[in-house]
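In what follows, a single structure is set out as structure tokens and then discussed.
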Amino acid sequence: MRVEHAELRVVSLPLLHPFKTSFAVMTDKTFLLLRLFGEGLEGVAEGVMDARPMYREETISGALALLQETVLPAVLGRDWANPEQLMAHLAHLRGNRMTLATVEMAFWDLWTRSLGLPLSTALGGVRGEVAVGVSLGIQSSVEATVDSAVRHAGLGYKRIKLKIEPGWDVAVVRAVKAALPDLPVTVDANASYSLADLNTLRALDSLGLDYMEQPLAWDDMRDHAKLQALMQTPLCLDECITSAQDARKALETAACRLINIKVGRVGGHLEARRIHDVAAAFSAPVWCGGMLESGVGRAHNIHLATLANFTKPGDTSSSSRYWARDIIQEPLETAGGVMKVPSGVGTGVRLDLPFLDTLTQLKIYVDPVSQPTVGSPA
Ligand code: OSB
Ligand code: MG
């Protein structure tokens, strides 16, 4: 599969409702969109890095520079047999997994379209629909949160995840658990606690949560292992896990008992699948997280979540929860807490280009550069 040229965009899509986490309030989703073109086909992916490094350390402008200066020149104008070969060629580049994931995922879409296969089939998926829950941001009141949780439970969502931060935790969890005693409820602190908050974390531990996501620092597995030893509630790591090696170390040291896999955080579908396999070897469940992706990233997430060990509901809820209008032509909507895998080849979704153009803040075409041939007499 020859990758002939690329288009990079920065796109800004307004959120229907502000989304508040322990680290930011988001009112729109600004993201990098990459289109790879080759052999008359197109593959698309979005980056999950934000403008500012508040979730992990990559940024949109950093990714744009790295893609233009280093990654795309290494990829364009060449033939790639498969995603493995492409990623082996980029394996000397350290870190920057969100940036690398953007290229890897766009290539998977392009390559599986050229093979005439759905992405989920090429990945080894085992199901045609995936179970989903919702992630509810920090709200203005406990009552508003309970109302929202009950409404989403009524729509069939299979798990309620509450964003928490110090000062917004025990009371809201207790109220939601009281309203929905039979539905799995989880919390996500996005790294806003430390071991100094042990009293609060212990209080949360007694509330029957299905699991607690990333309570401690984004880059600290060791304190998570200390905390897990003191808690009944399983810990789930998100920010801490960027690779299969991270996953192995986290599970070996009992820093967590399950993992939130975000394909955009870990360097792409190959690494996401390796994490899935490592977790399976430890009998640890995984689930598919989200980063408020547009339909492009959402479709990639849904295909990934068809792998066998994605046994907990993911965050890939209906597109209409986030946007008045998405940037793809196909609807991505759940019914009864289940999201159907988009049918068709590749991710199965196509860009709504006229609408996308109205949201595009920056557009850059990247063509192959002529590569100097080392050692040839020219
Ligand atoms: O930690 O899972 C997270 C959104 C943005 C950044 C980080 C996270 C989230 C979510 C929302 O929880 C998941 C979604 O609905 O896409
Ligand atoms: Mg999280």
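In listed order, ligands and their atoms are each counted from 1. By convention here, the first residue in the shown sequence is residue 1.
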Is the shortest side-chain N to carboxylate O distance from Arg265 to Asp238 below 4.0 Å?
yes

For Ser243 and Asp246, indicate whether the former's side chain and the latter's backbone hold a donor-acceptor pair under 3.5 Å.
yes

Under 3.5 Å, N or O to N or O, is Tyr55 touching ligand 1 that way?
no

I'd like to know if Asp352 pairs up with Arg325 as an ion pair, taking the criterion as any Lys NZ or Arg NE/NH1/NH2 lying under 4.0 Å from an Asp or Glu carboxylate oxygen.
yes

Provide the number and element of each atom of ligand 1 under 4.0 Å from a heavy atom of Asn190.
1 (O), 3 (C)

Salt-bridge test for Arg274 and Glu271: reply yes if a basic N is under 4.0 Å from a carboxylate O, no otherwise.
yes

Side-chain heavy atoms of Leu15 within contact of Asp28, under 4.5 Å
no

Between Ser317 and ligand 1, does any nitrogen or oxygen pair lie at a separation below 3.5 Å?
no

Is the shortest side-chain heavy-atom distance between Thr186 and Ile160 below 4.5 Å?
no

Look at atom 4 (C) of ligand 1 and say which protein heavy atom is nearest, naming residue and atom and giving the distance to 0.1 Å.
Phe19 CE2, 3.7 Å

Find out whether the Lys NZ or Arg CZ of Arg113 is both under 6.0 angstrom from the six-membered ring centre of Trp108 and within 45° of the ring's axis.
no

Can you find a side-chain donor-acceptor pair between Asn190 and Glu239 that sits under 3.5 Å?
yes

Report the part of Val134 in contact with ligand 1, treating N, CA, C, O as backbone and CB onward as side chain, heavy atoms under 4.0 Å; options are side chain, backbone, both, neither.
neither

Checking heavy-atom distances from atom 10 (C) of ligand 1 to each of Lys262, Lys163, Met291, the winner is Lys163

Please list, in number order, the atoms of ligand 1 under 4.0 Å from a heavy atom of Asp238.
1 (O), 2 (O), 3 (C)

Shell of protein N/O/S atoms around the Mg ion (ligand 2), taken as anything under 2.8 Å:
Asp188 OD2, Glu213 OE2, Asp238 OD2

To which protein heavy atom is atom 16 (O) of ligand 1 closest, and what is the distance rounded to 0.1 Å?
Leu292 N, 2.9 Å

Answer with yes or no whether Gln214 contacts ligand 1, where contact means a heavy atom under 4.0 Å from a ligand atom.
no

Contact region, Glu213 to ligand 1, non-hydrogen atoms below 4.0 Å, reads side chain

Can you find a pair of side-chain heavy atoms, one from Leu362 and one from Leu64, that are under 4.5 Å apart?
yes

Short version for Met26: what comes under 4.0 Å of ligand 1, heavy atoms counted, is neither

Going by the atom numbers of ligand 1, which of them fall below 4.0 Å from some non-hydrogen atom of Tyr322?
14 (C), 15 (O), 16 (O)

Atom 13 (C) of ligand 1 [closest protein heavy-atom partner, distance rounded to 0.1 Å]
Gly290 O, 3.3 Å

Note: Arg56-Glu58 ion pair, threshold 4.0 Å (strictly below):
no

Salt bridge check, Arg2 against Glu39: does any charged N sit closer than 4.0 Å to a carboxylate O?
no

Give me each pair satisfying ring pair (Phe, Tyr, Trp, His ring centres under 6.0 Å) with a member in residues 288-343, each pair once, sequence neighbours excluded.
His269-His300, His276-Phe310

Please tell me if the side chains of Asp210 and Arg159 come closer than 4.5 Å, counting only heavy atoms from C-beta onward.
no

Any N or O of Ser135 that comes nearer than 3.5 Å to an N or O of ligand 1?
yes

